[in-house]
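Note that these values count all heavy atoms, side chains included, but never hydrogens, waters or copies made by symmetry.
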Amino acid sequence: DPTSPEEGDTEPSDLTDDSDSTGVHTLSDKGNFEDPPDNSPYAQVRASVSPTDNITSSINTPRMWVLSMLFAILGSSTNLFFSLRYPSVSITPVIALLLVHPLGRLWDRVLRRRGDPEEIFLNGTLLHQATRQQVNPFSVDQPDAVSLAMRDSSFQRQSKSHSWRTQARLWLAQGQWNEKEHCCVYISSNVSFGFAFATDVIVEQTQFYHQDLGVHYQILLTLSTQILGYSLAGLSRRYLVRPSGLIWPGTLASSAMFSTLHKEENKSANGWRISRWKFFYYFFIGSCSFYFLPGLLMPALSYFSVITWFAPKNVVLANLFGISSGLGLFPVTFDWAQIAYIGSPLLTPFWAALNIVGGLVIVMWIIAPIMYYTNAMYSSYMPILSAAVFDNTGKPYDVSKILTPDFLFDKEAYQNYSRVFLPVTYVLSYALQFAALAALITHTVCWHGIDIWKQWRRSLAEVHNESRADYDSVPAASAAVAYRRSSISSRPSEPGLENPMDAEDVHNRLMRRYDDVPVSWYIWIGIAMTATGIFVVEYYPIHLPWYGLLLALAICTILFIPIGIVMAITNQQSSLYLICQLICGVVFPGRPVANMVFVTYGYITSTQGLKFSSDLKLGHYMKIPPRILFTVQLNRLFTHPTINGFTCPIARVHFNGSILWGVVGPARFFGPGAIYRPLIWAFLIGAVSPVVVYCLGRSNRHSFWRKVNLPVLFGSLSWIPPATGLNFSVWALVCYLFNYVIRKRRSEWWSKYNMTLSAALDSGLAFGVVVVFFGFVYPGWMDGFKWWGTEVYKQ
C-alpha cells in the first residue's frame with residue numbers, strides 16, 4: 001500500500017487479514033489514502049493505474065497458465081493463417097483481454113466450492129512446503145509471515161485427507177480470478193497475437209526464391225529474432241520501464257480495462273454516475289454495431305471524401321481531397337478504424353499530437369503539392385500519393401523484368417527497362433525517415449543524455465552486485481521523501497519534459513517488495529540467441545556473413561533506447577525498417593535474401609523488444625512480480641508456428657522491397673547523379689535541428705520549444721504512405737477534443753472515462769471486424785452487393 005512506511009519500517013500489527021467467502025485472503029492497510037504523496041505526477045497514469053498493491057492475489061496458478069497457453073497458441077496460429085490469404089483479418093490482443101475474462105470467471109464457478117480449504121498466496125504463488133521454507137518467520141519484509149506459515153501447515157494437513165479427484169480439483173481451482181492473472185494472460189497473448197516477421201522472410205524464400213531450408217531453419221530464425229528483442233527489453237528496464245516519466249500511453253488503456261472489469265468502485269464525475277463497466281459495455285456494443293455501416297454496408301462513411309463526389313473527374317480535387325490516392329485535406333470520417341489508424345488519439349498527449357500535425361501541415365500539405373505541381377523529380381507523372389513505385393511509363397514497377405531466373409540482378413535488363421521512380425509523398429516519406437533517424441540520436445543526447453549516463457552507471461553497479469536483486473537502486477529511506485517534493489512541483493508537467501528518467505513513483509516503490517530478475521539472465525539469453533543467429537547466417541545459404549548479423553544487432557541496440565524513450569513518452573514509434581534496408585544494400589549489395597534477414601535482425605528485433613518493454617511497463621503498473629512476468633514472457637515466445645507453403649500478399653510487398661534495396665541497391669537511388677540524391681541532406685537537417693531546438697528551450701522550463709519533439713514530428717509521418725492526411729488530421733482533432741478540451745473543462749470525467757472509452761472503441765472495432773469478416777465477407781455472402789454507398793467513393 002502506498003501510504004505504508006518503507007519495507008524496513010513495516011509492522012505486522014498495522015496489517016489486517018480480511019477473508020472473503022471463497023477463502024482467498026487479502027491484505028489491506030488501515031491508513032489507506034486514495035492519492036498518496038508519491039503518486040504519479042501524470043494525470044493519464046493516475047486515471048488508469050491504482051496506486052495500491054495486493055500481495056496476496058493469486059497469479060502463478062494452473063488457470064493462468066492454461067488460459068495463457070490457449071490464447072497464445074490460438075491467437076498466433078489464427079493470425080498467421082489469415083495473414084497468408086487475401087483478404088486477411090487480424091485478431092488483436094484486446095479480443096483476448098475480453099474473451100478470457102468470462103472464461104476465468106467460469107473456471108472459478110465450475111471448480112471452486114464454498115467449503116474448500118483456505119488458500120494463502122504470497123507474491124502471487126500459493127504457499128506450500130517449498131515456499132514455506134523460503135519464508136523467514138522473523139522477517140519484517142514479509143507481512144505476518146508466522147501466521148501465513150502456520151496456515152500453510154494446516155492447509156497441507158487438510159489436503160492429505162482428500163481423494164485424488166478432490167486434490168486435482170483443488171489444484172486446478174487455486175486462487176481466484178483477478179486483475180493480476182488477467183494481466184498475465186493478456187501479456188502472454190500480446191506479442192503472440194501478431195505473427196512473427198520472420199515468417200514473411202520464410203514465405204519469401206520458399207515461394208519467391210524457391211529456397212526451402214527446412215523446419216529447423218524456420219524455428220531458429222523465428223525464435224532468435226523474437227528472443228533477442230526480449231533480451232533487449234530486459235536489459236533496458238532501468239531506462240525504459242522503471243522511470244516514472246516514461247508512462248507508455250499504450251499500456252494505460254489496458255490497465256484501465258482491468259480496473260473496469262475487476263473493480264466495482266463508482267464515483268460521480270462531473271455529474272456522470274454511470275459505472276466504468278456499464279460505460280465500457282455501452283460503447284463497446286455501439287462501436288461493434290456501428291462498424292457494420294462503414295465496414296460493410298456503406299464504406300463511403302469511411303472514405304468520406306465528399307468534396308470529390310461532386311466532381312469525380314477533377315484531378316486537382318482528387319489530389320487534394322481524395323483519400324485513396326490524395327492528400328485527404330477534408331478531415332471527416334465516420335470510421336474509428338480510420339481515426340485510430342496510427343493509434344488511438346485518446347492515448348496520445350495533445351502536445352505530441354501538435355508535433356505530428358505541425359509536420360503534416362508543413363511537409364504533406366504545403367511542400368508535397370508544391371513539389372508535385374512543379375514536377376520535381378518527375379512526380380507529376382505519378383499519383384501524388386501511392387505505396388507503389390513506378391517505371392518510366394507511369395506504370396507500377398515490374399521487378400521481374402530486372403532479374404535473372406536465379407533471382408540475381410540483371411544490369412543489362414535494368415538499363416533496357418527503366419530506373420525506379422517514386423511518388424512525391426514516397427520521396428518525402430524517405431526524407432522524413434532519414435531526418436527522424438538522425439534527429440532521434442541528437443534529441444536523445446541533448447535532452448536525455450545525462451539521465452542515460454546515470455542509469456548506465458547504475459546498471460553496471462547492478463551487474464556487479466547481483467546478490468541484492470533489488471528492483472531499484474534508489475535508497476529506500478530517501479526515495480519517497482525525494483519524490484514527494486518532485487511530484488508536487490511537477491504535477492502540471494507532461495511526460496518527457498522534466499527529466500523523465502530521474503525519479504521514481506509509488507509504483508516503483510511498491511515493486512521493490514518483489515525479487516527482481518537478475519540482469520545476468522537477460523545477458524545470457526542475449527548471448528545464446530546471438531550465437532544462434534550467427535549459426536543461422538553461417539550455416540544456411542542466405543549470404544549474410546556473421547559480421548553482417550552483428551552490424552544489424554548493433555544498429556538495433558544503439559537505437560533501441562532512443563526509440564523506446566520517444567515511444568514511451570508520445571506513443572509514436574520510429575521505424576528502423578528503411579535504414580536497415582539501405583545499410584545492408586550498401587554494405588552487401590546484390591544479396592536480396594541477406595537484405596531480408598538483415599532487416600529481420602535489425603528492425604524486427606527492435607520492434608519486438610519495444611513490445612516486450614511495453615508489457616514490462618504494464619506488469620509494473622499491475623504489480624506483477626518480475627520473476628513471474630519473466631516466465632510468462634519467455635513462455636509465449638515459443639508459441640509461433642512455422643510456415644508450410646502458403647502464399648502471402650504482405651510477403652510479396654517485402655519481397656519487392658528486398659529486390660529494390662537488395663538488388664537494385666541504394667547507390668542507384670541516392671548515388672552521384674541519381675534523381676533522389678538530394679534526399680541524403682535530410683540526415684544533416686535531422687541531426688542539426690534538435691540541437692537548435694535544445695538551445696532555444698533549455699534555459700526556460702515553460703518555453704514553447706520544450707514541447708517540440710522532432711523525432712516525433714519527422715518519424716510519425718513515415719506512415720505516409722499508406723496512411724493519408726485524413727488519418728492524421730481527424731486523429732488530431734479527436735485528440736484535441738478529448739485530451740485538451742475535455743481534459744481541461746471536465747477533468748473528473750476525463751480521468752474516469754477517457755481511457756475506458758479508448759478501450760471500448762478499440763475493442764468494439766476489433767470485434768466488429770472479426771464478425772464482419774467471418775460472418776459476411778469470408779463466406780461470400782456480400783459478393784455482388786452494390787449500391788450508391790458502396791460505389792460513390794471509388795469514383
Side-chain angles (χ1 to χ4, degrees), residues 87 89-90 92 283-312 314 317-348 350 353-354 356-357 359-361 364-365 368 383-387 425 571-572 716-717 719-742 754 757-773 777 787-795:
V89 64
S90 176
T92 61
F283 276 91
F284 169 80
I285 296 297
S287 176
C288 182
S289 303
F290 184 79
Y291 180 73
F292 277 77
L293 288 177
L296 184 67
L297 301 177
M298 191 176 178
L301 293 176
S302 178
Y303 302 93
F304 201 72
S305 51
V306 63
I307 296 178
T308 65
W309 299 354
F310 296 102
N314 190 308
L317 285 181
N319 285 337
L320 297 180
F321 300 100
I323 296 177
S324 297
S325 59
L327 298 178
L329 295 182
F330 185 64
V332 176
T333 181
F334 299 93
D335 186 358
W336 183 251
Q338 293 276 22
I339 298 172
Y341 185 83
I342 61 173
S344 174
L346 305 185
L347 303 180
T348 303
F350 178 62
L354 284 179
I356 297 172
V357 172
L360 173 72
V361 172
M364 294 298 173
W365 287 0
I384 194 171
L385 186 144
S386 174
T425 47
N571 204 34
Q572 298 296 316
S716 60
L717 295 182
W719 283 86
I720 301 178
T724 69
L726 171 75
N727 300 119
F728 286 87
S729 56
V730 70
W731 172 88
L733 288 176
V734 175
C735 182
Y736 167 75
L737 174 63
F738 283 92
N739 289 346
Y740 183 79
V741 176
I742 295 179
N754 187 69
L757 176 61
S758 176
L761 293 175
D762 289 343
S763 54
L765 172 65
F767 266 88
V769 170
V770 172
V771 172
V772 166
F773 181 84
V777 177
W787 71 292
W788 177 84
T790 64
E791 303 300 317
V792 63
Y793 73 95
K794 298 178 182 179
Q795 300 176 7

*Asks:* Could you pull out the closest heavy-atom pair between Ser287 and Leu765, with the gap in Å?
*Replies:*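 The answer is OG-N, 3.3 Å.
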*Asks:* Assess the residue pair Leu293 and Phe334 against the criterion (side chain to side chain contact (heavy atoms under 4.5 Å, CB included)); give the C-alpha distance rounded to whole Å, side-chain angles, the decisive distance to 0.1 Å, and a yes or no.
*Replies:* CA-CA 9 Å; Leu293 288 177; Phe334 299 93; over 6 Å; no
*Asks:* Is the backbone N or O of Gly343 less than 3.5 Å from a side-chain atom of Trp731, with the two atoms forming a donor-acceptor pair by type?
*Replies:*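 Side chain of Trp731 to backbone of Gly343: a pair is present.
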*Asks:* Under 3.5 Å, is there a donor-acceptor pair between the side chain of Thr308 and the main chain of Ser305?
*Replies:*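 Flag set: sc Thr308 to bb Ser305 pair under 3.5 Å.
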*Asks:* Main chain of Leu347, side chain of Ser758: is a donor-acceptor contact present, judged purely on distance under 3.5 Å?
*Replies:*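 Here the side-chain-to-backbone pair does not exist.
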*Asks:* Using a cut-off of 6.0 Å, state whether more than 12 heavy atoms not belonging to Tyr303 lie near its atom OH.
*Replies:*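 Incorrect, the count does not exceed 12.
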*Asks:* If we only count heavy atoms from C-beta on, is the Asn739 to Asn754 side-chain gap below 4.5 Å?
*Replies:*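 Heavy-atom side-chain distance check passes, below 4.5 Å.
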*Asks:* Start with the C-alpha gap between Leu327 and Asn319, add the side-chain angles, then the distance that decides, and say whether side chain to side chain contact (heavy atoms under 4.5 Å, CB included) holds.
*Replies:* CA-CA 6 Å; Leu327 298 178; Asn319 285 337; over 6 Å; no
*Asks:* Give me the atom names and distance for the closest heavy-atom approach of Val734 to Leu346.
*Replies:*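 Here Val734 and Leu346 meet closest at CG1-CD2, 4.0 Å.
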*Asks:* Could you check whether any side-chain N or O of Ser763 sits under 3.5 Å from a backbone N or O of Ala759, counting only pairs where one atom can act as donor and the other as acceptor?
*Replies:*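 Yes; at least one donor-acceptor contact below 3.5 Å.
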*Asks:* If you count the non-hydrogen atoms of other residues, nucleotides and ligands that lie under 6.0 Å from CZ in Phe292, is the total more than 12?
*Replies:*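 Yes, the 6.0 Å shell around CZ holds more than 12 heavy atoms from other groups.
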*Asks:* Roughly how far apart are Leu385 CG and Met364 CE, rounded to 0.5 Å?
*Replies:*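 So the CG of Leu385 and the CE of Met364 are separated by 7.5 Å.
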*Asks:* I'd like to know whether the aromatic ring centres of Phe304 and Trp309 sit less than 6.0 Å apart in this structure.
*Replies:*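 Centroid distance Phe304-Trp309: below 6.0 Å, so yes.
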*Asks:* Backbone N or O of Trp787 within a donor-acceptor pair of the Thr790 side chain at under 3.5 Å?
*Replies:*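 Flag set: sc Thr790 to bb Trp787 pair under 3.5 Å.
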*Asks:* Hey, what do you get for CG (Asp335) to CD1 (Ile339), rounding to the nearest 0.5 Å?
*Replies:*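 Here the interatomic distance stands at 7.5 Å.
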*Asks:* How many angstroms lie between CG in Asn727 and OG1 in Thr333, if you round to the nearest 0.5 Å?
*Replies:*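 Rounded to the nearest 0.5 Å, the CG-OG1 separation comes out at 8.5 Å.
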*Asks:* With side chain to side chain contact (heavy atoms under 4.5 Å, CB included) as the criterion, how do Phe310 and Val306 come out once you've worked through the C-alpha distance, each side chain's angles and the decisive distance to 0.1 Å?
*Replies:* CA-CA 7 Å; Phe310 296 102; Val306 63; 4.0 Å; yes
*Asks:* How far does CD1 of Ile342 sit from CG of Asn571, to the nearest 0.5 angstrom?
*Replies:*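 Atom-to-atom, Ile342:CD1 and Asn571:CG are 9.5 Å apart.
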*Asks:* Between Phe330 and Leu726, is the side chain to side chain contact (heavy atoms under 4.5 Å, CB included) condition met? List the steps.
*Replies:* CA-CA 7 Å; Phe330 185 64; Leu726 171 75; over 6 Å; no
*Asks:* Which heavy-atom pair separates Gly328 from Ser729 by the least distance, and what is that distance?
*Replies:*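 Between these two residues, the closest heavy atoms are O-OG, 4.2 Å.
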*Asks:* To the closest 0.5 Å, what do you measure between CH2 (Trp365) and CG (Leu360)?
*Replies:*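 Reported to 0.5 Å precision, the distance equals 5.0 Å.
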*Asks:* Quick one: closest heavy-atom pair of Asp762 and Ala340, and the distance?
*Replies:*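 Smallest interatomic distance, heavy atoms only, reads OD1-CB, 4.4 Å.
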*Asks:* Provide the closest heavy-atom pair for Ala311 versus Leu317 in the form atom of the first, atom of the second, distance.
*Replies:*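 The answer is CB-CD1, 3.8 Å.
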*Asks:* Quick one: does any side-chain atom of Ser289 pair with a main-chain N or O of Ile285 as donor and acceptor, under 3.5 Å?
*Replies:*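 Side chain of Ser289 to backbone of Ile285, a donor-acceptor pair under 3.5 Å: yes, one is there.
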*Asks:* Measure the OH-CG distance between Tyr291 and Leu761 for me, rounded to the nearest 0.5 Å.
*Replies:*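 Result: 14.0 Å between the selected atoms.
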*Asks:* Which of parallel (below 30°), tilted (30 to 60°) and perpendicular (above 60°) describes Phe767 and Phe284?
*Replies:*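 If you compare the ring of Phe767 with that of Phe284, the planes turn out perpendicular.
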